[in-house]
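Here, residue 1 is the first one in the sequence, and each next residue gets the next number.
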Amino acid sequence: QVQLVESGGDLVQAGGSLGLSCAASGSIFRLNGMGWYRQAPGKQRELVAVIGSGGLAQYVDSVKGRFTISRDNAKKTVYLQMNSLKPLDTAVYYCKADITLASGTTIPYWGQGTQVTVSS
């Protein structure tokens with residue numbers, strides 16, 4: 001059984017910084033692309049940043065220059081460093097990982113979500 005466990009969500013003032021982490025555990029044959037998504041109240045879940053197994057990262061325009069995604073393959077963990085936070089960044093943040101199981105099947109797994117609240 002595979003699990004993604006997130007941590008790091010908190011209440012922070014505008015202009016502040018926060019770091020999120022998401023650790024994968026279980027019967028993982030290969031950890032492929034990983035990413036962070038967010039969902040604000042009343043809005044659809046949106047992609048924030050993704051990173052491939054080789055480290056290539058992509059970001060949504062609204063966070064470019066402020067957020068940095070990284071991963072530690074040995075720890076099976078993906079990180080999101082968020083700087084210069086804005087109230088519009090307030091959302092539940094979810095990590096997602098495309099995981100290949102021993103059977104050869106690749107399945108997208110989601111974390112439980114962690115709340116990030118940015119006060120003005």
Side-chain angles (χ1 to χ4, degrees):
Q1 189 174 0
V2 174
Q3 280 189 318
L4 297 181
V5 179
E6 300 147 347
S7 61
D10 206 343
L11 170 64
V12 63
Q13 287 190 331
S17 298
L18 202 59
L20 306 181
S21 63
C22 172
S25 63
S27 302
I28 298 170
F29 178 75
R30 185 172 63 245
L31 197 56
N32 303 300
M34 305 181 80
W36 289 95
Y37 293 71
R38 66 187 179 186
Q39 188 166 17
K43 295 189 177 181
Q44 289 188 331
R45 190 174 298 188
E46 67 168 352
L47 171 68
V48 176
V50 293
I51 185 167
S53 56
L56 182 63
Q58 293 180 299
Y59 302 87
V60 67
D61 285 347
S62 61
V63 307
K64 285 180 179 178
R66 300 189 298 123
F67 290 11
T68 302
I69 188 172
S70 61
R71 61 189 286 168
D72 184 328
N73 291 328
K75 295 182 178 179
K76 296 184 177 65
T77 299
V78 63
Y79 305 94
L80 185 68
Q81 178 63 38
M82 304 182 291
N83 299 326
S84 302
L85 282 161
K86 305 174 181 180
L88 283 176
D89 295 317
T90 295
V92 177
Y93 284 70
Y94 299 89
C95 73
K96 173 180 173 283
D98 294 325
I99 293 173
T100 301
L101 307 178
S103 64
T105 303
T106 298
I107 299 175
Y109 286 88
W110 290 87
Q112 80 283 1
T114 187
Q115 178 69 47
V116 172
T117 302
V118 184
S119 64
S120 57

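Between Ala97 and Leu4, the closest heavy-atom pair is N-CD1, 3.8 Å. Smallest separation of non-hydrogen atoms from Glu6 and Tyr93: OE1-O, 3.7 Å. For the residue pair Ala49 and Leu80, the shortest heavy atom distance occurs at CB-CD1, 4.4 Å. Considering all non-hydrogen atoms of both residues, Ala102 and Phe29 come closest at N-CB, 3.8 Å. What you find for Ala91 and Gln115 is that their closest heavy atoms are O-NE2, 3.4 Å.
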Report the C-alpha separation of Met82 and Val48 in whole Å, then their side-chain angles, then the decisive distance to 0.1 Å, and conclude whether the side-chain contact (heavy atoms from CB on, under 4.5 Å) test is met. CA-CA 11 Å; Met82 304 182 291; Val48 176; over 6 Å; no
Going through the checks in order, is the side-chain contact (heavy atoms from CB on, under 4.5 Å) test met by Ser25 and Val5? CA-CA 8 Å; Ser25 63; Val5 179; 5.5 Å; no
Take Trp110 and Arg45 through the test side-chain contact (heavy atoms from CB on, under 4.5 Å) and record every step on the way to the result. CA-CA 12 Å; Trp110 290 87; Arg45 190 174 298 188; 3.2 Å; yes
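Annotation: Gln58, atom CD; neighbour count of heavy atoms from other residues, nucleotides and ligands within 6.0 Å does not exceed 12.
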Distance-only donor-acceptor hits, side chain of residues 12-21, under 3.5 Å, sequence neighbours excluded:
{"unit_1": "Ser17", "atom_1": "OG", "unit_2": "Asn83", "atom_2": "OD1", "d": "2.9"}
{"unit_1": "Ser21", "atom_1": "OG", "unit_2": "Ser7", "atom_2": "OG", "d": "2.8"}

Just distance, no hydrogens or angles: give the donor-acceptor pairs under 3.5 Å from side chains in residues 67-74, sequence neighbours left out.
{"unit_1": "Arg71", "atom_1": "NE", "unit_2": "Asn73", "atom_2": "OD1", "d": "2.7"}
{"unit_1": "Arg71", "atom_1": "NH1", "unit_2": "Asn32", "atom_2": "O", "d": "2.8"}
{"unit_1": "Arg71", "atom_1": "NH1", "unit_2": "Ile51", "atom_2": "O", "d": "3.3"}
{"unit_1": "Arg71", "atom_1": "NH1", "unit_2": "Gly52", "atom_2": "O", "d": "3.1"}
{"unit_1": "Arg71", "atom_1": "NH2", "unit_2": "Leu31", "atom_2": "O", "d": "3.3"}
{"unit_1": "Arg71", "atom_1": "NH2", "unit_2": "Asn32", "atom_2": "O", "d": "3.1"}
{"unit_1": "Arg71", "atom_1": "NH2", "unit_2": "Asn73", "atom_2": "OD1", "d": "3.1"}
{"unit_1": "Asp72", "atom_1": "OD1", "unit_2": "Ala74", "atom_2": "N", "d": "3.1"}
{"unit_1": "Asp72", "atom_1": "OD1", "unit_2": "Lys75", "atom_2": "N", "d": "3.1"}
{"unit_1": "Asn73", "atom_1": "ND2", "unit_2": "Ser53", "atom_2": "O", "d": "3.4"}

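With values rounded to the nearest 0.5 angstrom, Gln3 atom CD is found 10.5 Å from Ile99 atom CD1. For the atom pair CG of Asp98 and OH of Tyr109, the computed distance is 11.0 Å after rounding to the nearest 0.5 Å.
Within the 3.5 Å criterion, the main-chain N or O of Thr90 finds no donor-acceptor partner in the side chain of Thr117.
Applying the salt bridge (charged side-chain N to carboxylate O under 4.0 Å, His left out) test to Arg66 and every residue at least two apart in sequence or in another chain returns Asp89.
In the hydrophobic cluster analysis, where Ile, Leu, Val, Met, Phe, Trp and Tyr join through side-chain heavy atoms closer than 4.5 angstrom, Val2 is grouped together with Trp36.
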